[in-house]
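What follows is one structure encoded as structure tokens, with my remarks underneath.
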Amino acid sequence: FRRLAAFPGGVSLEAVDDVCEADLDDLLSLVAKSLVRQTAVDGGEPRYWMLETIREFAADELTASGERAAVEERHTGFFSVLAGEAREGLEGARSGEWLARVELDLANLRAAFAHAKQAGRRDAAATLATALSLRHFLRGRYSEVEEVSRRAIELDPEPLERAALQGGLARSLRLQGRPREALDAFEAAELTLEGVADRGSAWWEQWLDVELAKASFYYFENRQEELAALVEELEPLVARHGSAVQELDFLHLQAVVAGE
């Protein structure tokens, strides 16, 4: 019962099993006692949740038990894995399905990010922040992208994660009408990546993501000379190292520069 206080929003049976080390019988027992509510989800598994007054009591019990840190660590671990899957899903062909999945666990993802940041778990915080940022972008919540990106960058995650966060921050700043700050963030991402010695496929993917976003920045800011120069510089790099999505993005930029 008390471990369910770790979930600020509704939760799936899978998450309960992993974080609370409980099974369906345990949950249904609490449902029968009206300590936990069960809600049906169209086309999905039921969600389980507590009234806030009951959750507050359970939270006090969790603290008194001495288990809070361990439960929060499992909560962070579970939702950082989900965030890693969501990062790919939100940028893929099934982004709509993944956006709905993220919305169901938005409160849990936010809580897991807060736990990860407080505990100094840099990689988990970066993964959670990137997934949250993608959600916020899709919802047009650019100030929230900025907030979560800055908070994750403060932990100094590993360079590729840091550059991804800096690139997302740059895009959010442009969309908030702050071009000078956006350009600073793009340059910070470039500086981060330039300091990486191992330039394998993951490095090139991140570098091209940043540069293609910077090219879009030049386009929207009507900096045509800089856009043309960057597109010319990127052409052989995209041909050699770019993903299929990056190649499509680059073709669009080439068409823009050509005036098509």
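Treat the numbers as computed from the prediction; the structure is a model and nothing was measured.
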>> Membership question, hydrophobic clusters at under 4.5 Å side-chain separation (ILVMFWY): are Leu28 and Leu13 in the same one?
In response: yes
>> When you measure from the side chain of Arg55 to the backbone of Ala5, do you find a donor-acceptor pair of N or O atoms at a distance under 3.5 Å?
In response: yes
> Quick one: CH2 on Trp98 to CD on Glu85, what's the gap to the nearest 0.5 Å?
Replying inline: 5.0 Å
> Are the charged groups of Arg162 and Asp156 less than 4.0 angstrom apart, N to O?
Replying inline: yes
> If you look at every heavy atom in Leu132 and Arg110, which pair is closest and at what distance?
Replying inline: CD2-CG, 4.2 Å
> Between Ala58 and Met50, which heavy-atom pair has the shortest distance, and what is it?
Replying inline: CB-CE, 4.1 Å
>> Test your reading of the model: is there a side-chain donor-acceptor pair from Ser65 to the backbone of Leu62, 3.5 Å cut-off?
In response: yes
>> Assess, by modelled atom type and distance only, whether the side chains of Thr63 and Arg68 contain a donor and an acceptor separated by less than 3.5 Å.
In response: yes
>> Can you tell me if Glu88 has over 12 outside heavy atoms packed within less than 6.0 Å of its CD?
In response: no
> Are the side chain of Asp26 and the backbone of Asp23 linked by a donor-acceptor contact shorter than 3.5 Å?
Replying inline: yes
>> Would you say that Leu4 contacts Leu30 through its side chain, given a criterion of any heavy-atom pair below 4.5 Å between the two side chains?
In response: yes
>> Restricting to non-hydrogen atoms, name the atom on Leu227 and the atom on Ala215 that form the minimum distance, rounded to 0.1 Å.
In response: CD1-O, 3.3 Å
> Are Val145 and Leu106 joined in one hydrophobic group, where the rule is that I, L, V, M, F, W and Y side chains link up if heavy atoms are under 4.5 Å apart?
Replying inline: no
>> Is the shortest side-chain heavy-atom distance between Leu183 and Arg223 below 4.5 Å?
In response: yes
> Please walk me through it: do Leu253 and Ser216 pass side-chain contact (heavy atoms from CB on, under 4.5 Å)?
Replying inline: CA-CA 8 Å; Leu253 287 169; Ser216 294; 4.2 Å; yes
>> Tell me if the centroids of the rings in Tyr142 and His136 come within less than 6.0 Å of each other.
In response: no
> Measuring from Gln254:CD to Glu247:CD, what's the distance to the nearest 0.5 Å?
Replying inline: 10.5 Å
> Hey, quick one: are Leu155 and Phe113 part of the same hydrophobic cluster, counting side-chain heavy atoms closer than 4.5 Å, chains of contacts allowed?
Replying inline: no
>> Looking at Glu61, is its backbone amide N or carbonyl O close enough to the side chain of Arg2 to form a donor-acceptor pair, meaning the two atoms are under 3.5 Å apart?
In response: no
>> How about CD on Glu225, more than 12 heavy atoms from neighbouring residues, nucleotides or ligands closer than 6.0 Å, or not?
In response: no
> Are side-chain N/O atoms of Glu205 and Ser243 paired as donor and acceptor at under 3.5 Å?
Replying inline: no
>> Quick check for you: to the nearest 0.5 Å, what is the distance between Leu169 atom CG and Glu147 atom CD?
In response: 12.0 Å
>> With side-chain contact (heavy atoms from CB on, under 4.5 Å) as the criterion, how do Asp184 and Glu187 come out once you've worked through the C-alpha distance, each side chain's angles and the decisive distance to 0.1 Å?
In response: CA-CA 5 Å; Asp184 288 344; Glu187 291 173 352; 4.1 Å; yes
> Between Phe220 and Arg174, is there a cation-pi geometry (under 6.0 Å to ring centre, at most 45° from the normal)?
Replying inline: yes
>> Main chain of Leu193, side chain of Trp203: is a donor-acceptor contact present, judged purely on distance under 3.5 Å?
In response: yes
>> Can a donor-acceptor pair be found, under 3.5 Å and without considering hydrogens, that links the side chain of Glu158 to the backbone of Leu160?
In response: yes
>> Looking at every heavy atom in both Leu165 and Pro157, which two are closest together, and how far apart are they?
In response: CD1-CG, 4.0 Å
>> I'd like to know whether CD of Glu232 has more than 12 heavy-atom contacts from other residues, nucleotides or ligands below 6.0 angstrom.
In response: no
>> Can a donor-acceptor pair be found, under 3.5 Å and without considering hydrogens, that links the side chain of Arg47 to the backbone of Leu104?
In response: yes
>> Any side-chain to backbone donor/acceptor pair from Arg199 onto Glu194? Under 3.5 Å, distance only.
In response: yes
> For Phe78 and Val11, what are the C-alpha separation, side-chain angles and deciding distance, and is it a side-chain contact (heavy atoms from CB on, under 4.5 Å)?
Replying inline: CA-CA 12 Å; Phe78 181 88; Val11 66; over 6 Å; no
>> Ring-plane angle category for Phe1 and Phe57, please: parallel below 30°, perpendicular beyond 60°, tilted otherwise.
In response: tilted
> Run the side-chain contact (heavy atoms from CB on, under 4.5 Å) check on Trp49 and Phe7 step by step: do they pass?
Replying inline: CA-CA 8 Å; Trp49 54 281; Phe7 303 103; over 6 Å; no
> CZ of Arg180: more than 12 outside heavy atoms within 6.0 angstrom?
Replying inline: yes
> Would you call the rings of Phe79 and His75 parallel, tilted or perpendicular, where under 30° means parallel and over 60° means perpendicular?
Replying inline: tilted
>> Nearest 0.5 Å, please: how far is CD in Glu144 from CZ in Arg139?
In response: 11.5 Å
> Do Leu109 and Val81 sit in the same hydrophobic cluster, where Ile, Leu, Val, Met, Phe, Trp and Tyr count as joined when their side-chain heavy atoms come under 4.5 Å apart?
Replying inline: no
>> With a 4.5 Å cut-off on side-chain heavy atoms, are Glu161 and Gln206 touching?
In response: no
> If you measure from CG on Leu134 to CD on Glu91, what distance do you get to the nearest 0.5 Å?
Replying inline: 5.0 Å
>> Using salt bridge (Lys or Arg N to Asp or Glu O under 4.0 Å), reason through Arg101 and Glu97 one step at a time and then give a plain yes or no.
In response: CA-CA 6 Å; Arg101 177 71 179 87; Glu97 294 176 32; over 6 Å; no
> Which of parallel (below 30°), tilted (30 to 60°) and perpendicular (above 60°) describes Trp204 and His241?
Replying inline: parallel
>> As a quick check of understanding, evaluate side-chain hydrogen bond (donor to acceptor under 3.5 Å, both in side chains) for Gln176 and Ser143, giving each step before the final call.
In response: CA-CA 7 Å; Gln176 292 179 79; Ser143 64; 5.1 Å; no
>> Checking the side chain of Thr76 only, and the main-chain atoms of Glu72 only, is there a donor and an acceptor separated by less than 3.5 Å?
In response: yes
> If you look at every heavy atom in Pro8 and Ala107, which pair is closest and at what distance?
Replying inline: CG-O, 3.4 Å
> Do Phe250 and Leu208 have side-chain heavy atoms sitting under 4.5 Å apart?
Replying inline: no
> Any side-chain heavy-atom pair from Arg135 and Leu138 closer than 4.5 angstrom?
Replying inline: no
> Leu51 and Val16: same hydrophobic cluster, using ILVMFWY side-chain contacts below 4.5 Å?
Replying inline: yes
> Applying the salt bridge (Lys or Arg N to Asp or Glu O under 4.0 Å) test to Lys214, which of Glu221, Glu233, Glu226, Glu190 qualifies?
Replying inline: Glu190
> Is any side-chain heavy atom of Tyr48 closer than 4.5 Å to a side-chain heavy atom of Arg37?
Replying inline: no
> Do you know the tightest heavy-atom contact between Asn108 and Gly10?
Replying inline: ND2-O, 3.0 Å
> Roughly how far, to the nearest 0.5 Å, is SG of Cys20 from CG of Leu27?
Replying inline: 8.0 Å
